[in-house]
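Note that this is a predicted model, so its numbers are computed, not measured. Atoms within a ligand are numbered from 1 in the order they appear, just like the ligands themselves. Sequential numbering from 1 along the given sequence is applied to the chain's residues.
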Amino acid sequence: MKVVKFGGSSLANGEQFQKVLNIINADPTRKVIVTSAPGKRFEQDTKVTDLLIDYAKKTIKHQDCAVIVQQIWARYSEIAQFFDLSPDTIAPLHQELCDLPTISYPDNDFLMAAFKAHGEKLNAQLLALLLQQKNFPARFLDPQEAGFLVSNVANDAQVLEETYQNLSRWRDIPEILVVPGFYGVTPTGSIATFSRGGSDITGAIWARGTAADLYENFTDVNAIYAADPRIVTKPHPIKIMTYRELRELSYAGFSVFHDEALIPAIQGQVYINVKNTNHPELPGTLIVPEKNFHPKNIITGVASSNHFAALYLHRYLLNKETGFTLKLLKIFYQFNISYEHMPSGIDDLTVIFDKRQFTEKLRQQMCAEIKRVLQPDQLEWIDDYAIIMVVGEGMRNKIGAMQNITTPLAQRHVAIHMINQGASRISIMLGTKKEDAAAAVTQIYHQFFK
Ligand SMILES: Nc1ncnc2c1ncn2[C@@H]1O[C@H](COP(=O)(O)OP(=O)(O)O)[C@@H](O)[C@H]1O
Ligand SMILES: N[C@@H](CC(=O)OP(=O)(O)O)C(=O)O
């Protein structure tokens with residue numbers, strides 16, 4: 001059996017829903033269907049998840065919500081009308097949307113999570129109704145009933161281990177299950193979501209829990225490309241790649257697949273196939289374990305990401321000082337900040353963060369505390385920072401890969417602020433200025449995929 005996830009672009013309007021119905025119809029082994037919320041129908045459009053965030057904020061501020069509710073509901077009723085679903089059939093979904101402010105939540109974070117989750121919840125219910133209308137043996141399955149349990153972090157939850165056992169019970173039921181992506185329920189029964197783009201994670205959890213033969217992830221591109229198609233025109237489509245290659249590339253900017261979604265797939269050793277809803281006949285990209293994988297190219301892909309910032313600390317004889325890093329890490333812990341990388345020299349240390357964790361106030365407070373406790377000679381917060389990740393199983397045994405990465409950057413006068421190569425030797429990370437990131441990706445891409 002297969003677990004199949006449809007992204008927001010695949011469920012954005014009636015035409016896209018029709019393609020989804022055709023895809024489900026074409027293969028009876030597609031048994032668990034994971035939905036996202038309706039995504040963008042065109043470039044300037046707004047995702048339903050973003051509308052729901054607006055609805056939640058207005059509710060928190062006790063503002064009038066009539067217009068935003070109407071805007072959200074228009075997205076669902078447009079799809080229902082496309083299929084001539086009667087207003088009576090979808091009325092309970094409208095009621096559910098309107099009732100959101102009347103429910104009590106542990107706090108505003110959980111309120112936000114519950115509002116956001118309804119993008120996927122209403123879409124899953126709508127898809128189940130449409131499948132039933134077309135006489136498919138399908139049903140909507142609520143995460144609470146499924147036993148899809150997550151940790152108590154309202155908007156950045158993690159799956160709980162017992163979920164896998166709970167989901168395994170749904171493997172052999174005869175119906176097609178339509179389940180909402182992006183969220184689960186906490187042990188005390190509140191809705192908590194994954195981070196943005198988290199429906200990919202839901203699909204992977206279902207795939208592991210039901211020991212699926214394949215996890216199909218339907219999106220709006222023919223394949224995962226060797227570079228972001230918004231940066232490089234007509235990039236090379238990747239036919240096959242390993243879990244860890246995709247994990248590194250997703251982490252560093254390949255937004256087509258959530259980096260955390262690889263973990264359940266790896267744990268369950270479920271193959272992933274990223275495919276295009278608009279061209280389901282194409283093979284897409286297959287993501288497989290490293291064992292028996294024979295790379296054809298030196299690099300598989302190059303990604304860039306702008307949501308990092310770096311903290312540079314300089315102090316003479318840092319290498320001789322005991323406890324410096326420990327004190328620094330204690331400060332991060334105290335401010336509840338996780339860091340991504342910490343390359344160091346004899347007299348200096350750079351810490352790279354996901355800057356979405358910071359508000360300006362928090363950043364200032366943390367830097368002041370570091371100055372007070374560690375008294376560095378120099379402390380610099382570098383906001384203008386991008387990370388470039390060059391990834392490939394083929395780099396492991398290849399001498400000279402580094403030169404092929406740095407030479408084209410030098411030719412374009414792109415300065416490299418940091419280089420980090422992991423012990424696995426399948427990835428090289430570079431730090432550049434934000435404005436140089438696209439040029440760096442393009443140069444490296446063309447060096448390896450002439
Ligand atoms: N390397 C890449 N290969 C393919 N698509 C990529 C890549 N990097 C970024 N993308 C972007 O990811 C988008 C698909 O992801 P997303 O918008 O999350 O889809 P969905 O709506 O299906 O969840 C593509 O339209 C593309 O612009
Ligand atoms: N709808 C959620 C979760 C998600 O995974 O969406 P998508 O499949 O459209 O990336 C979001 O926008 O974050």
Side-chain angles (χ1 to χ4, degrees), residues 4-13 16 19-20 23 33-43 45-54 72 75 112-113 115-124 155-157 179-184 193-205 216-239 241 245-246 248-261 274-280 282 284-285 287 299-306 389-391 437-438 441-442 445 449:
V4 188
K5 178 252 171 178
F6 292 100
S9 52
S10 306
L11 294 164
N13 60 22
Q16 292 304 95
K19 292 175 193 168
V20 166
I23 290 167
I33 313 297
V34 180
T35 66
S36 282
K40 291 186 180 191
R41 293 160 293 184
F42 44 87
E43 189 53 34
D45 201 10
T46 309
K47 285 173 131 196
V48 163
T49 308
D50 291 302
L51 296 175
L52 285 160
I53 290 171
D54 204 12
I72 297 166
R75 296 295 307 270
M112 176 58 80
F115 276 57
K116 276 193 300 175
H118 275 73
E120 317 346 75
K121 189 173 179 204
L122 299 179
N123 228 17
N155 293 285
D156 194 11
V179 300
F182 194 34
Y183 74 96
T193 74
F194 296 124
S195 56
R196 290 300 302 268
S199 297
D200 290 337
I201 308 176
T202 311
I205 291 167
E216 289 181 317
N217 191 287
F218 278 91
T219 180
D220 65 345
V221 279
N222 287 343
I224 299 178
Y225 298 107
D228 187 330
R230 292 164 298 188
I231 300 176
V232 171
T233 41
K234 293 213 172 148
H236 167 82
I238 302 167
K239 284 200 178 76
M241 67 197 301
E245 284 179 325
L246 184 55
E248 303 231 11
L249 288 164
S250 299
Y251 165 82
F254 276 21
S255 53
V256 61
F257 197 79
H258 199 299
D259 64 310
E260 288 176 39
V274 172
K275 284 174 76 83
N276 192 347
T277 298
N278 307 309
H279 292 287
L282 295 177
T285 300
I287 299 116
I299 75 160
T300 299
V302 50
S304 71
S305 180
N306 284 341
M389 190 81 98
V390 189
V391 177
V441 167
T442 310
Y445 172 82
F449 296 93

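In terms of protein heavy atoms, atom 1 (N) of ligand 1 is closest to Y225 O, 3.0 Å. When hydrogens are left out, the protein atom nearest atom 1 (N) of ligand 2 is T49 OG1, 2.7 Å; that is the closest non-hydrogen contact. For atom 15 (O) of ligand 1, the closest heavy atom belonging to the protein is V256 CA, 3.5 Å. Atom 8 (N) of ligand 1 has as its closest protein heavy atom D228 CG, 3.5 Å. For atom 27 (O) of ligand 1, the closest heavy atom belonging to the protein is R230 NE, 3.4 Å. The closest protein non-hydrogen atom to atom 13 (C) of ligand 1 is D220 OD1, 3.9 Å. At the shortest separation from atom 7 (C) of ligand 1 among protein heavy atoms lies P229 CD, 3.5 Å.
Under 4.0 Å from ligand 2, the heavy atoms of K47 that appear belong solely to its side chain. Only backbone heavy atoms of A223 (N, CA, C or O) come within less than 4.0 Å of ligand 1; its side chain stays farther off. Contacts between K5 and ligand 1, counted as non-hydrogen atom pairs separated by less than 4.0 Å, involve the side chain only. Residue S199 touches ligand 2 through backbone and side chain together, judged by heavy-atom distances below 4.0 Å. Contacts between V221 and ligand 1, counted as non-hydrogen atom pairs separated by less than 4.0 Å, involve the side chain only.
In this structure, Y183 contributes its side chain and G198 its backbone to no donor-acceptor pair below 3.5 Å.
Contact annotation: the side chain of V34 approaches that of V179 to within less than 4.5 Å [non-hydrogen atoms, C-beta and beyond]. Looking at heavy atoms from C-beta onward, F194 lies out of side-chain contact with E260 at the 4.5 angstrom threshold. Using a 4.5 Å heavy-atom cutoff, the side chains of R75 and R41 are in contact. The side-chain heavy atoms of I238 and Y225, taken from C-beta on, include no pair separated by under 4.5 Å. Contact check for V441 versus D228: no side-chain heavy atoms found under the 4.5 Å cut-off. Looking only at side-chain heavy atoms (C-beta outward), K19 and N278 come within less than 4.5 Å of each other. Using a 4.5 Å heavy-atom cutoff, the side chains of I224 and M241 are in contact. Side-chain contact check for N155 versus S195: every heavy-atom pair is 4.5 Å or farther apart.
In terms of polar-atom proximity, defined here as any N/O pair under 3.5 Å, S9 makes no such contact with ligand 2. Of the N or O atoms in G197, one or more lie within a sub-3.5 Å distance of an N or O in ligand 2. Inclusion of F182 in the set of residues having an N or O under 3.5 Å from an N or O of ligand 2 is not warranted.
Remark: distances from the non-hydrogen atoms of S255 to ligand 1 include one below 4.0 Å. Heavy atoms of G198 approach ligand 2 to within less than 4.0 angstrom.
At a cut-off of 3.5 Å, with distance as the only test, a side-chain donor of T193 or K116 sits close to an acceptor on the other residue. Side chain to side chain, T300 and E245 meet the donor-acceptor criterion of an N or O pair below 3.5 Å. No side-chain donor from either of H258 and S199 sits under 3.5 Å from a side-chain acceptor of the other.
Taking the charged nitrogens against the carboxylate oxygens, D220 and K275 have no contact shorter than 4.0 Å, which rules out a salt bridge.
Protein heavy atoms are found inside the 4.0 Å sphere centred on atom 23 (O) of ligand 1.
Heavy-atom proximity to S36, at under 4.0 Å, picks out these atoms of ligand 2: 4 (C), 5 (O), 6 (O), 7 (P), 8 (O). If you number the atoms of ligand 1 from 1 as listed, the ones under 4.0 Å from a heavy atom of A227 come out as 1 (N). Each of the atoms 1 (N), 8 (N) of ligand 1 lies under 4.0 Å from some heavy atom of F254. Those atoms of ligand 2 that come under 4.0 Å of a heavy atom in G8, given as number and element, are 7 (P), 8 (O), 9 (O). Of all atoms in ligand 1, numbered sequentially from 1 with element shown, those under 4.0 Å from a heavy atom of G8 are 20 (P), 21 (O), 23 (O). Taking a cut-off of under 4.0 Å to the non-hydrogen atoms of S9, the atoms of ligand 1 that pass are 20 (P), 21 (O), 22 (O). Shown in contact with R196 at under 4.0 Å from a heavy atom are these atoms of ligand 2, numbered in order with element: 11 (C), 12 (O), 13 (O). Close contacts of ligand 2 with E120, meaning ligand atoms under 4.0 Å from a residue heavy atom, involve 1 (N), 2 (C), 3 (C). Contact atoms of ligand 1 toward G7: 20 (P), 21 (O), 22 (O), 23 (O) (distance under 4.0 Å to a heavy atom of the residue). Close contacts of ligand 2 with K5, meaning ligand atoms under 4.0 Å from a residue heavy atom, involve 8 (O). Under a 4.0 Å criterion applied to the non-hydrogen atoms of T219, ligand 1 contributes the atoms 14 (C), 15 (O), 19 (O), 20 (P), 22 (O).
Evaluation of the ring-ring contact (aromatic ring centres under 6.0 Å, His included) rule for F6 yields F218 as partners, not counting sequence neighbours.
The heavy-atom pair separating V48 from G119 by the smallest distance is CG1-CA, 4.1 Å.
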*Take R196 and D50 through the salt bridge (Lys or Arg N to Asp or Glu O under 4.0 Å) test and state the conclusion after the steps.*
CA-CA 10 Å; R196 290 300 302 268; D50 291 302; 3.0 Å; yes
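We find the CD-CG distance between E120 and L11 to be 9.5 Å, quoted to the nearest 0.5 Å.
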